[in-house]
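A quick write-up on the structure given underneath.
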Protein chains: 2
Amino acid sequence: MELIMVFKALSNETRINILIWLKEPRQHFPAEELEDYDANLGVCVSDITKKAGLSPSTTSDYLSILQKCGLIEATRSGQWTYYRRNERAIDTLSKLIQKSL
Amino acid sequence: MELIMVFKALSNETRINILIWLKEPRQHFPAEELEDYDANLGVCVSDITKKAGLSPSTTSDYLSILQKCGLIEATRSGQWTYYRRNERAIDTLSKLIQKSL
DNA sequence: CAAACGTATCGATATTTTCAGAAATCCAGA
DNA sequence: TCTGGATTTCTGAAAATATCGATACGTTTG
């Protein structure tokens with residue numbers, strides 16, 4: 001886990017929010033707004049894009065940044081890409097900060 | 001505590017290192033390298049500058065960034081400025097990450 | 001197969017960050 | 001008070017980041 005990369009990823013309000021939204025998808029993405037959702041796979045890019053109010057390209061970038069540093073995971077299913085939190089990594093991060101910072 | 005500001009501050013290797021060095025000053029700044037040290041006040045800028053291998057201006061900038069987001073505190077004594085960790089703030093941060101992230 | 005759709009990537013530009021050197025400030029000592 | 005050392009602030013160039021629109025790619029569907 002590249003601590004610097006993680007901190008850079010978290011240095012942006014929207015990216016932090018994405019992480020928080022994905023913690024409780026049903027809570028942050030009302031059912032009528034959820035174009036597509038799978039409790040196991042996560043939330044698809046277009047729903048996150050709508051919620052974030054950014055362009056699809058920016059949102060996709062952000063998701064990829066969060067994914068590259070391990071905080072979220074992706075599953076492609078047909079034309080959809082679902083993103084979900086990587087709880088294990090987030091926990092590791094939390095412990096790492098607590099221990100070595 | 002502005003989480004974004006804190007993450008920005010921590011998005012830099014040297015700044016993270018400064019925080020770690022200040023955790024155990026005696027360990028990271030060998031006595032013969034410590035130009036000036038006070039266990040209560042912390043380590044002075046010139047010692048941190050030497051250790052970081054950066055210019056005094058950059059080091060001063062970095063310290064001020066860490067200070068503005070509350071991670072370290074400063075005490076001016078004569079011509080020296082001593083910096084030390086703000087353990088309370090660091091602990092708050094750690095808990096905040098654990099809880100809300 | 002062609003059009004439509006979800007997503008990713010690319011290219012461009014505006015903004016921010018990095019880091020140094022110069023200049024300014026502040027304090028101590030001759 | 002003059003000189004020098006410690007630190008900060010200012011200025012600026014280079015690098016990195018933010019963010020968009022256009023484009024490309026794979027998938028679904030008519």
Side-chain angles (χ1 to χ4, degrees), chain A residues 2-19 22 25 29 33-38 41-69 71-84, chain B residues 2-19 22 25 29 33-38 41-69 71-84:
Chain A
E2 284 297 329
L3 211 47
I4 301 280
M5 283 301 121
V6 174
F7 285 137
K8 280 190 185 177
L10 295 175
S11 295
N12 175 288
E13 183 108 42
T14 302
R15 289 194 298 260
I16 287 192
N17 282 335
I18 290 174
L19 217 53
L22 291 181
F29 299 88
E33 281 178 21
L34 267 184
E35 193 162 319
D36 212 78
Y37 174 63
D38 181 302
L41 302 182
V43 182
C44 70
V45 178
S46 35
D47 284 330
I48 297 173
T49 299
K50 256 180 271 169
K51 177 96 176 166
L54 294 171
S55 70
S57 57
T58 300
T59 307
S60 179
D61 264 348
Y62 281 3
L63 290 167
S64 143
I65 288 170
L66 287 168
Q67 189 195 6
K68 272 183 197 126
C69 70
L71 294 171
I72 63 177
E73 297 173 310
T75 306
R76 182 100 195 199
S77 168
Q79 56 190 153
W80 312 88
T81 307
Y82 300 89
Y83 283 94
R84 63 191 174 285
Chain B
E2 284 299 328
L3 210 48
I4 303 279
M5 282 303 121
V6 173
F7 285 137
K8 280 191 185 176
L10 295 174
S11 295
N12 175 288
E13 184 109 42
T14 302
R15 289 193 297 260
I16 288 193
N17 282 335
I18 289 174
L19 216 53
L22 290 182
F29 300 87
E33 281 180 20
L34 269 185
E35 191 162 320
D36 212 80
Y37 174 64
D38 180 302
L41 302 182
V43 182
C44 70
V45 177
S46 38
D47 284 330
I48 298 174
T49 299
K50 256 181 271 171
K51 178 96 177 166
L54 294 171
S55 70
S57 59
T58 299
T59 306
S60 179
D61 264 349
Y62 283 3
L63 290 167
S64 143
I65 288 171
L66 287 169
Q67 189 195 7
K68 272 184 197 124
C69 71
L71 294 170
I72 63 176
E73 297 172 310
T75 304
R76 181 98 194 197
S77 169
Q79 55 191 152
W80 286 287
T81 306
Y82 299 89
Y83 283 93
R84 63 191 174 284

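Letters A, B, ... mirror the listed sequences (proteins, then strands); counts begin at 1. Just so you know, these numbers come straight off a predicted model, no measurement behind them.
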**Prompt:** So which nucleotide from dT9(C), dG6(C), dT9(D) ends up closest to the side chain of Trp80(A)?
**Reply:** dG6(C)
**Request:** Starting at atom CG of Asp61(B), determine the distance to atom C1' of dG21(C), rounded to an integer number of angstrom.
**Result:** 12 Å
**Message:** As a test of reading the structure: which of dT27(D), dT8(D), dT7(C) is closest to the side chain of Gln79(A), going by heavy atoms?
**Reply:** dT27(D)
**Item:** Qualifying salt bridge (charged side-chain N to carboxylate O under 4.0 Å, His left out) pairs, either residue in residues 73-84 of chain B, two or more places apart
**Value:** Glu73(B)-Arg84(B)
**Complete:** When rounded to whole Å, the CE to P distance for the pair Met5(A) and dA16(D) reads 11 Å
**Message:** Under a plain distance cut-off of 3.5 Å, with no hydrogens placed, do Ser64(B) and Lys68(B) share a side-chain donor-acceptor pair?
**Reply:** yes
**Message:** Using only modelled atom types and a 3.5 angstrom limit, is any donor from either the side chain of Ser57(B) or the base of dG21(C) paired with an acceptor on the other?
**Reply:** yes
**Prompt:** Given atom OH of Tyr62(B) and atom P of dT16(C), what is their separation to the nearest angstrom?
**Reply:** 17 Å
**Message:** Distance alone, cut at 3.5 Å: any donor-acceptor contact between the side chains of Ser57(A) and Ser60(A)?
**Reply:** no
**Prompt:** Is Thr81(B) touching bases, backbone alone, or none of the nucleic acid, heavy atoms closer than 4.0 Å?
**Reply:** sugar-phosphate
**Request:** Give Tyr82(A) one of three labels, base, sugar-phosphate or nothing, depending on what nucleic acid heavy atoms sit under 4.0 Å from its own.
**Result:** nothing
**Request:** Would you kindly give the CZ-to-P distance between Arg76(A) and dC25(D), to the nearest whole Å?
**Result:** 13 Å
**Message:** Taking the minimum atom-to-atom distance to the side chain of Ser55(A), which one of dT18(C), dG21(D), dT8(D) wins?
**Reply:** dG21(D)
**Prompt:** In terms of the nearest nucleotide of DNA chain C, which residue is placed more toward the 5' end: Lys8(A) or Val45(A)?
**Reply:** Val45(A)
**Message:** I need the CD1-P distance between Ile48(A) and dA8(C), as an integer number of Å.
**Reply:** 10 Å
**Prompt:** Is Thr58(A) side chain donor-acceptor paired with the dA18(D) base, going by distance under 3.5 Å alone?
**Reply:** no
**Request:** Could you walk me through whether Thr58(A) and Ser55(A) pass side-chain hydrogen bond (donor to acceptor under 3.5 Å, both in side chains), step by step?
**Result:** CA-CA 5 Å; Thr58(A) 300; Ser55(A) 70; 2.9 Å; yes
**First of Ser77(A) and Ser11(A) reached from the 5' end of DNA chain D, by closest nucleotide** = Ser11(A)
